[in-house]
Amino acid sequence: MAAKNNTPTRRALRMASIGAGAAGSYLSYFLQRAFIGKAEGKRKLKTTHTRVARRMRDEMQSLRGPAMKLGQTLSLQAGILPDETLAELASLQMEAPGMHPSLVRVQVKRSLGHEPEEIFEKFNPEPFAAASLGQVHEATTREHKRVAVKIQYPGIRETVENDFKWFRTVSKPAQASGHLPKEVIDEMERQMLAETDYRLEADNIDFFSEKLSPLPFVEVPRVFREYSSDKVLTMSHVRGRHLEQFLVKKPSQKLRDQLGTNLVELFYFQLLKLGAFHADPHWGNYLFNDNASIGLVDFGCAKKIAPAEFKYLHSVYLYPGDRHSPEFRRLLETHYRAQGKKLSTPAYRALVSFSEKFYRNVYPPERERHEVFDFADKKFLTDYIREATKLFRTKHVMAEFLFMARAEMGLYHTLHALKARVPTSDIVRKYL
Amino acid sequence: MVTKSTKKSTKKRPAGKRAQNKEAIRKRIVKSALNLFQTKGFQTTTTKAIARKAGIAEGTVFNYFRTKEDIALSFFEEEVDHAIAAVRDNPRLRKAPLEEKLFTLVHSQLEYLAPYERFIGAALIHALNPASHLGAFSHRAQQLRHRYLAFVTELVEESSPKQQQNALSWLVPEAFWIYYLGVLLFWLYDSSEGKEHTLAFLDRSLHVGVSFLTNGRR
């Protein structure tokens with residue numbers, strides 16, 4: 001670590017991030033560029049943007065906290081990033097610089113009244129994982145249970161608020177033009193602020209732990225409330241390896257297929273059966289096992305689906321007829337109206353195109369086909385990103401789409417990395 | 001380092017009842033004075049009020065302290081003693097990197113000062129007055145600063161072998177003092193809940209500061 005930290009670039013970056021503070025001025029620069037660039041023929045600038053985007057990604061990685069999350073979510077919206085970079089950004093692994101062990105102790109003591117070493121039998125002061133709003137430590141309770149202790153960075157709540165104050169200002173043009181509706185920003189801020197209260201996350205864990213029990217291949221941690229607070233979350237240790245480590249061991253096609261199938265099943269079980277989903281499924285939040293079981297971690301971002309939306313999803317998935325038909329249009333219009341919005345022609349076109357060019361391809365509605373979709377070919381991913389970007393460039397986008405897109409991006413990226421072959425439509429049909 | 005004054009009696013010694021009693025009164029005076037400085041302000045607090053609050057005769061105060069500035073200084077001396085002890089008495093820090101020790105040092109200072117935040121702000125301004133006993137020019141205040149910075153230098157030296165010291169080394173205490181004042185100001189103006197921003201600032205600035213120091217030494 002020492003060598004990495006001492007390179008001039010690292011130091012310069014650190015310095016820059018200090019200068020910028022956690023509020024991430026660099027991000028402001030980036031987004032400002034994004035919105036200005038949009039107005040002025042951006043295609044020419046593509047190479048420049050790629051460079052900016054790469055730098056941006058590196059910088060975001062060194063920045064802790066909400067700026068990173070904001071960037072991830074909005075990278076879809078900005079629509080100027082080349083597909084590859086966008087995909088990378090969406091699956092960005094959280095690798096923020098860790099807190100000093102002394103600070104970790106202070107945070108735990110402030111929150112739970114004692115230093116971690118007094119609470120746990122064993123506590124590793126070095127984190128084993130970084131999350132966007134905190135970091136995770138390994139520990140053993142006095143009852144000899146292995147646990148993961150997530151500890152929040154200091155002052156993160158205000159940082160979220162500041163990030164959004166700034167962001168509301170720089171995105172004024174996009175808000176005025178209707179490309180970035182205010183309620184989308186509101187929803188994102190609400191969501192991110194909610195993520196800073198670990199008690200809500202604990203509630204989410206309990207919820208999913210109960211509701212996902214019909215799926216035997218999913219492991220959800222158990223919360224230790226006695227060692228948790230709004231800023232510290234102690235959970236049972238979840239078995240499994242992160243995707244990269246899992247792939248190093250070259251798992252068989254059969255195992256990858258099974259895992260992919262389980263992932264898709266997990267996704268649609270949540271979406272179409274539970275009406276609530278783990279909305280931050282980038283691959284850092286999945287743990288994989290050789291018996292094709294999946295461990296889930298990080299439940300900070302869970303979305304409940306409103307009844308109207310739930311109905312809508314049931315009606316559009318595997319839509320059997322012509323998606324250019326007036327009937328399909330009515331479905332979309334009803335959904336928009338339920339949200340108090342009007343379906344604009346560009347939004348309609350984008351949705352139909354999305355449905356035709358992506359969903360019909362990955363999820364063919366014909367019952368007799370029993371198609372097994374091969375996620376190894378990158379084309380489906382670029383299709384997805386292209387169509388999603390098209391949709392997000394239209395006006396009055398709905399906040400739900402943004403969260404859905406984030407969740408789907410995470411899923412598809414993981415499926416692609418696994419090169420899994422999955423009976424997609426059959427799974428969806430099970431839950432319709 | 002041992003002086004005649006009673007102030008450094010934090011080191012345990014087999015004290016007689018009389019000495020114990022004296023120490024208790026001294027502590028009571030400092031506590032009462034600090035509470036008044038915090039609530040009523042430093043300027044307006046009189047030794048008389050301090051005595052009343054401590055429940056002793058005004059004359060008794062003068063047996064212990066010459067002026068209220070003396071009381072304030074002895075509070076700062078205790079603060080430094082407390083912070084040094086927090087680093088030295090913590091077995092986990094024995095082999096910890098420099099940043100950890102400095103973090104604990106500054107953080108325990110801030111914790112010690114926290115109940116008297118308002119007074120600290122006023123004292124910082126008061127200290128700028130050259131005629132003040134609290135000021136940077138008073139002999140006793142200077143001594144305290146030297147002791148504090150000597151400890152910082154000690155921490156720096158024990159975490160980097162002598163042969164690696166360079167021309168920049170003499171700057172370390174000076175630079176650290178400025179840094180410390182900066183942290184103090186940041187802390188005073190920090191309106192975040194539980195002053196968490198100061199923690200974050202301390203955490204990150206030490207990262208940078210110490211890496212500058214160690215790189216400069218290469």
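Here is how names work: the chains are called A, B, and so on, in the same order as the sequence lines, proteins then strands, and each is numbered from 1. Note that the coordinates shown come from a computational prediction; the quantities given were computed from them, not determined experimentally.
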Output yes when a side-chain donor or acceptor of Glu158(A) lies under 3.5 Å from a complementary backbone atom of Glu196(B), and no otherwise. no
Whether the Glu100(B) and Ser102(A) side chains hold a donor-acceptor pair (N or O, under 3.5 Å, no angle test) is what I'd like checked. yes
Quick one: does Leu199(B)'s side chain get under 4.5 Å of Tyr153(A)'s, heavy atoms only? no
Around atom CD of Glu121(A), are there more than 12 heavy atoms of other residues, nucleotides or ligands at under 6.0 Å? yes
Over all atoms of both residues, closest heavy-atom pair of His197(B) and Gly155(A): CE1-O, 3.6 Å
Donor-acceptor pair between Glu99(B) and His100(A) side chains, under 3.5 angstrom: yes
Most heavy-atom pairs under 4.5 angstrom with chain A, which of Lys195(B), Glu111(B), His107(B)? His107(B)
For chain B, find its close neighbours in residues 107-119 of chain A: heavy-atom separation under 4.5 Å, sorted by number, or none. Gln107(A), Arg110(A), Glu115(A), Glu117(A)
Please report the interatomic distance CZ(Arg105(A)) to CZ(Arg92(B)), rounded to the nearest 0.5 Å. 4.0 Å
Asp203(B) and Met99(A): which non-hydrogen atoms are nearest, and at how many Å? OD2-CA, 3.6 Å
